[in-house]
Asker: 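Sharing a structure with you now.
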Amino acid sequence: MKKVLIATDKPFAKVAVDGIRKIVEDAGYELLLLEKYTDHNDLVKAVEDVDALIIRSDIADRKVIEAGKKLRIIVRAGAGYDNIDLAAATENKVVAMNTPGQNSNAVAELALGMMVYMARNLFNGTSGTELRGKTLGIHAYGNVGRYVAQIAKGFGMKICAFDPYVDAETMKSEGVEPVGSVEELYSECQYVSLHIPANSQTKKSIGYELLMKMPKNACLVNTARKEVIDEEGLLKVFAERPDFRYLSDIEPEMKAAFAENYTGRYFFTPKKMGAQTSEANINAGLAAARQIVNFFENGITTFQVNK
Ligand code: 3PG
């Protein structure tokens, strides 16, 4: 009997686990659960005897992949797969997949929620500002970026986007103004919402020069990855520009420096919370389970990321 392990340091909602269990057991497989583990070795041990692995931001490094002697497939229930060692997966003939789009609305709602929170001065009782009429730049117009644009339109924001992989006509047809360069996006937009993946090209790519271009009362919104920010550069911007604010879904490495000097100008979630809704857990978790069954039963490899 095939064994499917859900390994989630940040567990799915129970309703999602129940749904995954049904799909897995209906296929005649066994479901195993490793939740809220604190030691990476627990994952290394748990993977030893399983055929398939479902993870979130959990680290599927070479150690995990090589420990999985029977492992054939890892599905990252979510979008970003920077937590999977793709080279190790390929070398060990393990298929790696993600579930694009399934948790995007949840992430987009958090981005807008944090923006309202900051615009109203963290709900501290003082007079804030409104989002209506302000300019929002979407840095990468993928699944999350699109939802952010849709919701922001409801707030009456003017929306621009930069994405070299999406054609200008598509953006225009969705009411979004395409801009030709990253520099232009940051120069024109008071709010910028980041939706780029973390990879060797993007890590530390958002820094001093770019952020200093943003207009007065700038606010950078990061529901992507903390790794894409050059934190030293951002702190330099904070020191030079008292009008600059930063929102991040997960605390930056240098959070102590923000806490010490810049209270009221930032908000960080204590854990990555963007996809932490029942709906997102159900969408992404069930998609992961279906992809695993489809892979074993029908050889389907849609959404494979290590081709
Ligand atoms: C993603 O890449 O899908 C999001 O960052 C969500 O990550 P999570 O599943 O760890 O919450």
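Read the numbers this way: they start at 1 and go in the same order the structure lists the ligands and their atoms. This chain uses plain numbering: 1 for the first residue, then up along the sequence. Just so it is clear, the structure is predicted and the values come from calculations on it, not from any experiment.
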Asker: Above 12 or not: heavy atoms from other molecules or residues under 6.0 Å from NZ of K70?
Answerer: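 Yes, because the 6.0 Å sphere around NZ of K70 holds more than 12 heavy atoms from other groups.
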
Asker: Side chains of Y208 and E240: do they bring a donor and an acceptor to under 3.5 Å?
Answerer: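 Judged by distance alone, the side chains do pair up.
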
Asker: Which of the atoms of ligand 1 are close to N103, meaning less than 4.0 Å from one of its heavy atoms?
Answerer: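 Result: 1 (C), 3 (O), 6 (C).
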
Asker: Just verifying a value: how many Å separate I6 CD1 and L31 CG, rounded to the nearest 0.5 Å?
Answerer: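 Separation between the atoms: 4.5 Å.
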
Asker: Would you check whether R76 reaches within less than 4.0 Å of ligand 1, judged by its heavy atoms?
Answerer: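 It does, in that a heavy atom of R76 comes within the 4.0 Å cut-off of ligand 1.
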
Asker: Using a strict cut-off of 4.0 Å, indicate which atoms of ligand 1 neighbour a heavy atom of R225.
Answerer: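 This gives 1 (C), 2 (O), 5 (O) as the contact atoms.
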
Asker: Give a yes-or-no answer on whether the side chains of N283 and E279 include a donor-acceptor pair shorter than 3.5 Å.
Answerer: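 No, because no side-chain N or O of N283 sits under 3.5 Å from a partner of the opposite role on E279.
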
Asker: Indicate, as side chain, backbone, both or neither, the part of V107 found under 4.0 angstrom from ligand 1 when only non-hydrogen atoms are considered.
Answerer: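 The answer is neither.
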
Asker: At a 4.0 Å threshold, what atoms of ligand 1 neighbour a non-hydrogen atom of G78?
Answerer: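 Ligand 1 atoms under the 4.0 Å threshold to G78: 3 (O).
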
Asker: Tell me which donor-acceptor pairs under 3.5 Å the side chains of residues 127-140 have, and how far apart each pair is, sequence neighbours excluded?
Answerer:
from, atom 1, to, atom 2, distance (Å)
T129, OG1, A119, O, 3.4
K134, NZ, E130, O, 2.8
H139, ND1, Y186, OH, 2.9

Asker: Under a 4.0 angstrom heavy-atom cut-off, which atoms of ligand 1 come close to A275?
Answerer: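 The atoms of ligand 1 under 4.0 Å from a heavy atom of A275 are 6 (C), 11 (O).
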
Asker: Could you tell me which atoms of ligand 1, counted from 1 in the order shown, lie closer than 4.0 angstrom to a heavy atom of R56?
Answerer: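 Contacts of ligand 1 toward R56, numbered from 1: 8 (P), 9 (O), 10 (O), 11 (O).
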
Asker: Using non-hydrogen atoms of the residue, decide whether K272 is closer than 4.0 angstrom to ligand 1.
Answerer: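 K272: in contact with ligand 1 (<4.0 Å).
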
Asker: Please say whether A79 places an N or O atom under 3.5 Å from an N or O atom belonging to ligand 1.
Answerer: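 By distance alone, the answer is yes.
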
Asker: Tell me which pairs pass salt bridge (charged side-chain N to carboxylate O under 4.0 Å, His left out) where either residue lies in residues 174-191, with sequence neighbours left out.
Answerer: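 Applying salt bridge (charged side-chain N to carboxylate O under 4.0 Å, His left out) to every pair that reaches into residues 174-191, excluding sequence neighbours, yields R146-E174.
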
Asker: Less than 3.5 Å apart, any donor N or O on the side chain of N222 or Y246 sitting next to an acceptor on the other?
Answerer: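 Yes, side-chain donor-acceptor contact under 3.5 Å.
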
Asker: Is K10 touching ligand 1 with its side chain, its backbone, both, or neither, if touching means heavy atoms under 4.0 Å apart?
Answerer: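 The answer is the side chain of K10.
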
Asker: Number the atoms of ligand 1 from 1 as they appear, then name those within less than 4.0 Å of a heavy atom of G80, with their elements.
Answerer: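 Answer for ligand 1: 1 (C), 2 (O), 3 (O).
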
Asker: Heavy-atom distance under 4.5 Å between the side chains of I20 and I54, does that happen here?
Answerer: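 In short, these two side chains touch, coming nearer than 4.5 Å.
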
Asker: Under 4.0 Å from any heavy atom of S57, which atoms of ligand 1 are there?
Answerer: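 Atoms satisfying the 4.0 Å criterion: 7 (O), 8 (P), 10 (O).
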
